[in-house]
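What follows is a set of notes on a single structure, which appears directly below.
Atoms considered below: every heavy atom in the structure, side chains included; atoms not considered: hydrogens, waters and symmetry mates. Naming convention: chains lettered A, B, ... in sequence-line order (proteins, then strands); numbering from 1 in each chain.
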There are 4 protein chains.
Amino acid sequence: MKARRRKLVEKVVKGPARWHRHPETRRQEILEAALVNFAEKGFSATRMNDMARRAGISSGTLYLYFINKEAIFKSLVEESLGTQVSQLTQVMREWEGPSDELLRLVVRTINGFLRSSDRAVLFKLIIAETGNFPELARFYRHHVTDHMLTVFEGIISRGIARGEFRRIDLTDGARMIFSSIMFTAIWRTSLGTLDSESYDYGRFIETKLDLILRGLAP
Amino acid sequence: MKARRRKLVEKVVKGPARWHRHPETRRQEILEAALVNFAEKGFSATRMNDMARRAGISSGTLYLYFINKEAIFKSLVEESLGTQVSQLTQVMREWEGPSDELLRLVVRTINGFLRSSDRAVLFKLIIAETGNFPELARFYRHHVTDHMLTVFEGIISRGIARGEFRRIDLTDGARMIFSSIMFTAIWRTSLGTLDSESYDYGRFIETKLDLILRGLAP
Amino acid sequence: MKARRRKLVEKVVKGPARWHRHPETRRQEILEAALVNFAEKGFSATRMNDMARRAGISSGTLYLYFINKEAIFKSLVEESLGTQVSQLTQVMREWEGPSDELLRLVVRTINGFLRSSDRAVLFKLIIAETGNFPELARFYRHHVTDHMLTVFEGIISRGIARGEFRRIDLTDGARMIFSSIMFTAIWRTSLGTLDSESYDYGRFIETKLDLILRGLAP
Amino acid sequence: MKARRRKLVEKVVKGPARWHRHPETRRQEILEAALVNFAEKGFSATRMNDMARRAGISSGTLYLYFINKEAIFKSLVEESLGTQVSQLTQVMREWEGPSDELLRLVVRTINGFLRSSDRAVLFKLIIAETGNFPELARFYRHHVTDHMLTVFEGIISRGIARGEFRRIDLTDGARMIFSSIMFTAIWRTSLGTLDSESYDYGRFIETKLDLILRGLAP
DNA sequence: TATGAATGAGTCTTCATTCAT
DNA sequence: TATGAATGAAGACTCATTCAT
């Protein structure tokens with residue numbers, strides 16, 4: 001937290017000038033670095049210098065790609081969505097089989113994405129910074145959270161319509177499913193990092209799915 | 001030499017008496033103010049001045065009660081535990097009735113406490129600051145989360161032993177229950193604040209309990 | 001230098017209210033405490049609180065006797081002169097014997113006073129704070145150093161007139177004698193404190209006197 | 001969130017180019033400025049801002065060269081030693097002529113160095129801050145003071161061995177010589193600054209040397 | 001484009017001084 | 001008179017941002 005000491009050392013021999021990568025690549029590298037730093041220390045405690053260092057550039061260069069720290073944070077949140085969520089809607093629409101399998105598929109897909117990418121920490125970030133960046137939170141809420149909830153509601157609704165699930169409140173049901181994913185994402189990137197042995201989040205999700213589906217059974 | 005001179009101007013009408021209050025009261029007021037500020041902006045972005053203002057004192061006074069900002073944060077986390085969790089263990093030990101009712105009781109109690117006090121935001125804070133305050137996170141983990149998990153495991157174990165629940169993995173089971181509480185606490189104090197109409201977290205918990213208990217049925 | 005930590009402990013049981021001493025006594029106690037603290041840490045680094053504690057009173061009470069920190073420093077310098085120097089002039093005026101003995105007597109007397117009282121540190125203080133308190137330095141210069149120089153000049157002048165000393169520049173001669181005293185005073189209260197074994201300042205003065213008197217011999 | 005925004009106003013005409021200077025030069029400029037300020041006001045009363053202003057840079061830049069105020073003070077003391085003192089030892093070792101001339105040469109050399117550079121004030125500083133920086137004082141004591149004393153002892157010892165000086169205590173003798181230099185250094189940079197007309201310190205030293213040498217004569 | 005030294009506003013913290021008791 | 005909690009201006013230090021190179 002503390003102890004940031006600079007030393008004006010004697011011009012460390014720099015490696016040969018890195019080839020100038022494609023601007024977009026560079027931009028992504030910055031976001032990548034920012035994500036790691038923000039995730040670790042939060043927005044305020046993250047130093048532009050550290051971020052630059054991690055991205056392999058100098059602090060000044062950051063400002064060639066983003067106007068300021070806030071812009072980096074915003075881009076991070078806004079650009080990390082990609083097409084993932086909308087793909088889910090597609091999958092759901094085309095699905096022909098039983099609803100419980102659809103639910104399993106969707107949850108596993110989301111979870112897989114969160115685990116493979118580092119995007120899980122964005123949950124944590126947004127949650128921590130809601131007060132400081134309400135606009136951004138709103139954006140995230142709209143484009144990510146609500147979207148997922150809609151997908152889950154759709155699946156439950158489908159299941160009920162097909163007589164596979166008992167009739168429950170869609171809102172609550174969707175949030176239940178969502179809460180599992182959120183719990184995993186948050187725990188893994190916060191208190192879970194304190195565990196010496198890694199907890200099997202995949203199994204947790206499976207068990208929870210089982211339980212939810214049992215509970216949904218008519 | 002510039003011996004610091006109090007500005008001899010104005011003699012602004014000062015706020016209410018600055019003397020009366022009992023030290024411990026004052027201390028609690030500071031923690032109260034700190035909680036609100038930290039919850040809203042996070043540790044780094046919280047200004048000591050704002051905190052003081054909210055507590056109705058001057059910034060210097062903060063330092064009569066805590067040696068620095070970090071100490072306030074630590075006290076906040078460490079002192080907010082109270083006897084709540086241990087009381088739960090007591091309740092559990094003495095319970096004679098069916099395990100599902102015990103589970104409902106315990107979950108409702110915890111939830112009630114989190115809602116009535118402002119302690120729910122501590123979850124959010126700890127999660128956001130795990131990277132910056134690992135020691136504190138460890139403390140919280142040990143004294144709060146692990147404790148709750150143990151309680152839940154105890155209830156599930158009891159239910160299984162009494163034939164009320166089917167045999168499931170205790171660890172996963174406990175985390176499922178815990179995730180509901182955590183989700184509620186976090187959501188309410190972050191993205192949930194963006195909702196214009198308030199979501200009924202109580203009902204969510206109840207619905208989720210129903211679902212879990214259904215899922216636990218043999 | 002650093003690390004001043006306050007603790008708002010629980011009303012340490014104070015001893016029975018000290019009897020209120022005579023105001024002048026109290027005043028002297030404060031100056032005494034101030035001298036020690038200033039000597040040790042200098043003007044700026046001395047805390048009013050420490051000073052009060054050392055004087056056995058509370059910080060607020062200091063302000064019943066002095067209007068501010070500066071005033072304490074000034075009083076310290078101005079009041080420590082006492083009648084010492086003027087007594088010397090008296091001694092000199094009445095002296096009938098040889099000038100070398102007079103010089104020895106005077107130097108020993110001054111040295112004895114400096115050693116017995118803690119006034120030696122005032123030299124150090126004034127020297128360190130000349131830039132911050134030019135007025136005070138001027139005062140000291142006028143009332144202490146110049147006074148001493150005059151006395152020494154008088155003795156040398158007397159010695160020359162009586163054929164006991166060779167003819168030398170009075171100004172330089174007086175400063176030579178003065179420099180010995182000053183060196184002793186300053187060294188003893190600064191770098192000399194680092195010595196494990198105490199250096200014999202008395203002997204040093206005697207040896208130096210011998211040398212000076214030899215040098216002054218016609 | 002209040003990401004710090006450079007005030008976009010005015011674009012005040014900035015001072016001369018801020019880039020050119022060599023890091024080491026810059027560093028020396030800071031030490032130079034620090035010396036002046038410390039000498040004038042002492043360590044505590046010196047403001048980092050004033051120091052920066054005097055060095056022609058901004059306060060933040062100070063911290064690119066030194067980690068904090070204390071480090072500047074330390075560097076000042078430690079780096080100002082240079083090779084001066086050790087050169088003296090060399091001179092002494094090679095000297096073939098009479099000891100009194102050697103002594104004159106050495107004392108004049110030291111005095112000349114102290115006068116030409118501003119290093120004389122370091123004496124004053126160290127003396128004032130012994131209590132606050134004992135380590136530093138010890139360093140100075142070891143590397144400067146004791147070193148000089150050793151040189152003087154060597155010369156006296158040489159003189160005695162060659163029958164040029166009478167037998168006196170080396171310790172006291174060396175301190176006598178040293179006290180002259182110290183007196184000059186301290187007086188000139190403290191109470192001496194109050195003199196309207198400048199006192200001729202050079203002559204004082206010469207007169208004192210005469211006196212000491214007379215006193216040392218067999 | 002890229003760099004990183006330089007800037008200076010902003011923050012935490014200290015402590016001389018005040019004043020209700 | 002005496003106390004010491006409270007105050008808030010001031011100072012050390014940080015770090016987002018700029019800009020000469």
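- Put simply, A:S59 has no side-chain N or O that comes within less than 4.0 Å of OP1 or OP2 on E:dG4.
- Close to E:dG8, at under 4.0 Å from its OP1 or OP2, lies no side-chain N or O of D:S58.
- Aromatic ring pairs are classed by plane angle as parallel below 30°, tilted from 30° to 60° and perpendicular above 60°; the pair B:F43 and B:F133 is perpendicular.
- Under the rule for a side-chain contact (heavy atoms from CB on, under 4.5 Å), the partners of A:S59 that lie at least two apart in sequence or sit in another chain are A:N49, A:A52.
- D:L64 places its CG atom 7 Å from the C1' atom of E:dA6, with the value rounded to the nearest Å.
- The distance between atom CE of B:M48 and atom P of E:dT11, rounded to the nearest whole Å, is 13 Å.
- The nearest whole Å value for the distance from the CD1 atom in D:I30 to the P atom in E:dA5 is 13 Å.
- For the pair A:F66 CZ and E:dT1 P, the interatomic distance rounds to 13 Å; values are reported in whole Å.
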Kindly express the pairing pattern of DNA chain F in dot-bracket notation, using | wherever a base pairs with another strand and counting only Watson-Crick or G-U pairs under 3.5 Å.
.||||||||||||||||||||
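- Across the protein-nucleic acid pair, A:N49 atom CG and E:dA6 atom P stand 14 Å apart, rounded to whole Å.
- Between E:dA6 and D:Y65, a contact under 4.0 Å exists linking OP1 or OP2 to a side-chain N or O.
- Regarding contacts with the backbone of E:dA16, a side-chain N or O of C:R47 is found under 4.0 angstrom from either OP1 or OP2.
- With sequence neighbours left out, D:F139 forms a ring pair (Phe, Tyr, Trp, His ring centres under 6.0 Å) with D:H143.
- Phosphate proximity of E:dA2 to A:R26: present, with a side-chain N or O under 4.0 Å from OP1 or OP2.
- For the pair D:F73 CZ and F:dA12 C1', the interatomic distance rounds to 17 Å; values are reported in whole Å.
- With rounding to whole Å, B:I57 atom CD1 is found 7 Å from F:dT7 atom P.
- C:R53 is linked by a salt bridge (charged side-chain N to carboxylate O under 4.0 Å, His left out) to nothing, counting only residues two or more places apart in sequence or in another chain.
- At whole-Å resolution of the value, CG in A:N68 and P in F:dA16 are 11 Å apart.
- At E:dT14, none of the side-chain N or O atoms of B:Y63 fall inside 4.0 Å of OP1 or OP2 (strictly under the cut-off).
- With 3.5 Å as the limit, one finds a donor-acceptor pair spanning the side chains of A:N132 and A:E129.
- Both C:T46 and A:R53 sit near DNA chain E, but only A:R53 has its closest nucleotide nearer the 5' end.
- With sequence neighbours left out, B:S75 forms a side-chain contact (heavy atoms from CB on, under 4.5 Å) with B:R27, B:L31, B:F66, B:E79.
- Shown here are the side-chain contact (heavy atoms from CB on, under 4.5 Å) partners of C:A39, two or more places apart in sequence or in another chain: C:V121.
- Positionally, the nearest nucleotide of DNA chain F for C:T61 lies more toward the 5' end than for the other of C:T61 and D:K69.
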